[in-house]
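In what follows, every chain begins at residue 1, and chains take the letters A, B, ... in the order their sequences are listed. On a predicted model such as this, the values are computed, not experimentally measured, just so you know.
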Amino acid sequence: MDKQKIISFRPILKDGKINSVVLFSDRKEKTLLLSKNFNKIKNIFEDTKVLKCGFDLKELIKKFRAEGIEIKDPIFDCFIASYLINPGTREYKKEESVEKNIETARELWKEMSRAGLLDLFQKIEMPLISVLAKIEENGVKINIEYLKKMSEVFDKKIKKLKKEIWKLAGEEFNINSPIQIKKIIFEKIKISSKGIKKTSKKNELSTAASELERLREAHPIINFILEYRELYKLKSTYIDALPELVDKKTKRIHANFNQAITSTGRLSSSNPNLQNIPIRGDIGREIRKAFIAEKGKILVAFDYSQIELRIVASLSGDEKMINSFNSHEDIHTRTASEVWGVPLNEVTKDMRRSAKAINFGVLYGIGPRGLAKSAGISHYEAVDFISKYFSLYQGIKNYLEETKALAYSLGYSETLFGRRRYFPEINSSIPYLRAAAERMAINHPVQGTAADIIKIAMIKINKELPNIRMILQVHDELVFEIKKTEYKKITKHIKELMENAVKLKVPVEVDGKIGDNWGDMEKI
DNA sequence: GCCGTCACG
DNA sequence: ACGTACGTGACGGCA
């Protein structure tokens, strides 16, 4: 950083386009009008010997590219640097908090150096910026007609349900209002609210689906409300919202993939959020079918199999868990077989379900109550199960203890690539705040390392296959839109790049799927 | 602008 | 008796 030429810059926009560029170099500041200095500006930004410092370079890369200028490496994004230094705070998100000059960049550099973040910054986060810019520019194609038809069908169903609910309630009310639902079912119809949870902030009776489920038998209105909720949610959030976000010029949806939001290092997606498109329910899956490939192309999706549990196995070095992954058998069945000491073929569905719940629980900082709930077992059984699990997987137990101890002494935990997250409340005198911080400290290295790995894969794919179209990242999954004539060779290449992005103590496996739309895909 | 709710990994 | 498994974003209601 010291030997190369450094400039810091900020564009001045007019109608969303670049009008001029403010350049800071050697403490001098000058403003260049783009129309009069196009070649000069282009030469500076495309010079690979100049370090370009700016704030939120993904946005700037897209804006400059629209003008015919590539912002080439090396780059220094103050936004991302501030984020890496403290991903838990939201201060850095204000552009004003990170002044766009070279001195600021030097300070951020020093801070990253002290926290051991330079490799992560230079080798992962900076190269990722242009990959994300491309994904956003690529966008994704939507079947608008399909969604419009679906909207009409849903509209009719919702209206029908509304009438039914009003009839059973004996009055008209807003079913979208939890307060009004509460009044109807607990006060008017007088369904017993015994055992129903309270909401976290206002301590009022909850009408969440998980609570209403328990009241299904009590009155027929409950089922109708649950069904209404599901349909209304899907219609308002996806079916009606997605077509509105289609770009008029490209006819595609260009969401944001945010690189400096989450505490753990994951990306987030917004406007629209393409990382929470339904898949679980039958109706939800229908919505996924609206995501389609262009004519002559096909969607190809790759997801990391059990990546977080593999990371736990690798970080902890637990021999039994590592052996389990090396055996290439279903990991939860394998866990169940070991915990109960029965052969693989004698593992029952219930045994596998509990094993799956505890394997998941380990990633989040398990507690007996949470396990009891997710595994559908008693509190006592959960306590017993956890103790059995940890006596079997000693390595995992020790690793979790060490992670907690480090979080207490250092105030942070970190991923395989040194991504840190601080836990100011880990030494709080309030027990539940401390417990919450402990769980975050345990989860961060796992979720964060998975984020590191897929980011590395994205960079490698972008480098080796620059001409293919990456369109989505969903935490452990990448989706591409590929020419039908080309996909066979390319898919094998992508899978290999993802599987070999990082070497762990266990094999990293990637499953591929292919289809004309994102809803029904078949295994490759 | 917060809250409750619910979609995803 | 209770806040009781991690991380997100969007919607509608309500003040």
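Of all heavy-atom pairs between A/Ile426 and A/Arg434, the closest is O-CG, 2.7 Å.
Contacts between residues 402-410 of chain A and DNA chain B, defined by a heavy-atom separation below 4.0 Å, involve no residue at all. Residues from residues 173-189 of chain A with heavy atoms under 4.0 angstrom of DNA chain B: there are none.
If you find the closest nucleotide of DNA chain C to A/Lys198 and to A/Met440, the one lying nearer the 5' end belongs to A/Lys198. Of the two residues near DNA chain C, A/Asn203 and A/Asn271, the one whose nearest nucleotide lies more 5' is A/Asn203.
A/Asp330 pairs by the salt bridge (charged side-chain N to carboxylate O under 4.0 Å, His left out) definition with A/Arg352, not counting sequence neighbours. A/Arg439 is linked by a side-chain hydrogen bond (donor to acceptor under 3.5 Å, both in side chains) to nothing, counting only residues two or more places apart in sequence or in another chain.
Contact of A/Thr237 with B/dA7 (side chain to base): no donor-acceptor pair of N or O atoms is detected under 3.5 Å. The base of B/dC8 lies outside donor-acceptor range of the side chain of A/Gln275, with no N or O pair under 3.5 Å. No hydrogens or angles were tested; on distance alone, a donor-acceptor pair under 3.5 Å links the side chain of A/Lys233 to the base of B/dC6.
Here C/dA10 presents its C1' atom at 15 Å from CD of A/Glu244, a figure rounded to the nearest Å. Atom OH in A/Tyr238 sits about 8 Å away from atom C1' in C/dG9, given to the nearest Å. One can place CG of A/Leu371 at 14 Å from P of C/dC6, the figure rounded to the nearest angstrom. Atom-to-atom, CD of A/Glu204 to P of C/dC14 comes out at 12 Å; the value is rounded to the nearest Å.
For A/Arg421 and C/dC6, the shortest distance from a side-chain N or O to OP1 or OP2 is not below 4.0 Å. Within the structure, a side-chain polar atom (N or O) of A/Arg280 is placed less than 4.0 Å from OP1 or OP2 of B/dC8. At the phosphate of B/dC3, neither OP1 nor OP2 sits under 4.0 Å from any side-chain N or O atom of A/Thr199. Listed pair A/Arg229 / B/dC6 meets the phosphate criterion, a side-chain N or O lying under 4.0 Å from OP1 or OP2. Side-chain N/O atoms of A/Ser263 include none lying less than 4.0 angstrom from OP1 or OP2 on C/dG7. Between A/Arg439 and C/dT4 there is no side-chain polar atom (N or O) within less than 4.0 angstrom of OP1 or OP2. At the phosphate of C/dG9, OP1 or OP2 sits under 4.0 Å from a side-chain N or O atom of A/Ser268.
If you check C/dT8, B/dC3, B/dT5 against the side chain of A/Ser206, the one that comes closest is B/dT5. Closest to the A/Tyr432 side chain, of the nucleotides C/dC6, C/dA5, C/dG3, is C/dG3. In this structure, of B/dC3, B/dT5, C/dG12, it is B/dT5 that holds the atom nearest to the side chain of A/Ala208. When each of B/dC8, B/dG4, C/dA5 is scored by its nearest atom to the side-chain atoms of A/Ser374, the top-ranked nucleotide is C/dA5.
A/Glu204 and A/Lys198 are not joined by a salt bridge, as no carboxylate oxygen comes within less than 4.0 angstrom of a charged side-chain nitrogen. The existence of a salt bridge linking A/Arg310 and A/Glu509 is confirmed by a sub-4.0 Å separation between a basic side-chain nitrogen and an acidic carboxylate oxygen. A salt bridge links A/Arg419 with A/Asp452: the distance from a Lys NZ or Arg NE/NH1/NH2 to an Asp or Glu carboxylate oxygen falls below 4.0 Å. In summary, A/Glu230 and A/Lys233 do not engage in a salt bridge, as defined by a charged side-chain N under 4.0 Å from a carboxylate O. Salt bridge annotation for A/Lys62-A/Glu137: absent, with no cationic side-chain nitrogen under 4.0 angstrom from a carboxylate oxygen. Ion pairing between a basic and an acidic side chain is recognised when a charged N comes within 4.0 Å of a carboxylate O; A/Lys190 and A/Glu187 show no such pairing.
Ring geometry for A/Tyr228 against A/Tyr232 counts as parallel: the plane angle stays under 30°, on a 0 to 90° scale with 60° as the upper cut. Under the 30°/60° scheme for interplanar angles, the aromatic rings of A/His332 and A/Phe360 are found to lie parallel.
Using a 4.0 Å heavy-atom criterion, one finds that A/Gly361 contacts the bases of the nucleic acid, with or without backbone contacts as well. As judged by a 4.0 angstrom heavy-atom cut-off over every strand, A/Ala436 is placed among residues making no nucleic acid contact. If you check every strand for non-hydrogen atoms under 4.0 Å, A/Asn276 touches a base.
Around the NZ atom of A/Lys167, the shell of radius 6.0 Å holds no more than 12 heavy atoms that belong to other residues, nucleotides or ligands.
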Identify all side-chain donor-acceptor contacts of residues 147-165 of chain A below 3.5 Å with residues at least two apart in sequence or on another chain.
| unit_1 | atom_1 | unit_2 | atom_2 | d |
| --- | --- | --- | --- | --- |
| A/Ser151 | OG | A/Asp240 | OD1 | 2.7 |
| A/Asp155 | OD2 | A/Lys159 | NZ | 2.9 |

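Consecutive Watson-Crick or G-U pairing (both distances under 3.5 Å) extending over three or more pairs maps onto DNA chain C as B:1-9 with C:6-14.
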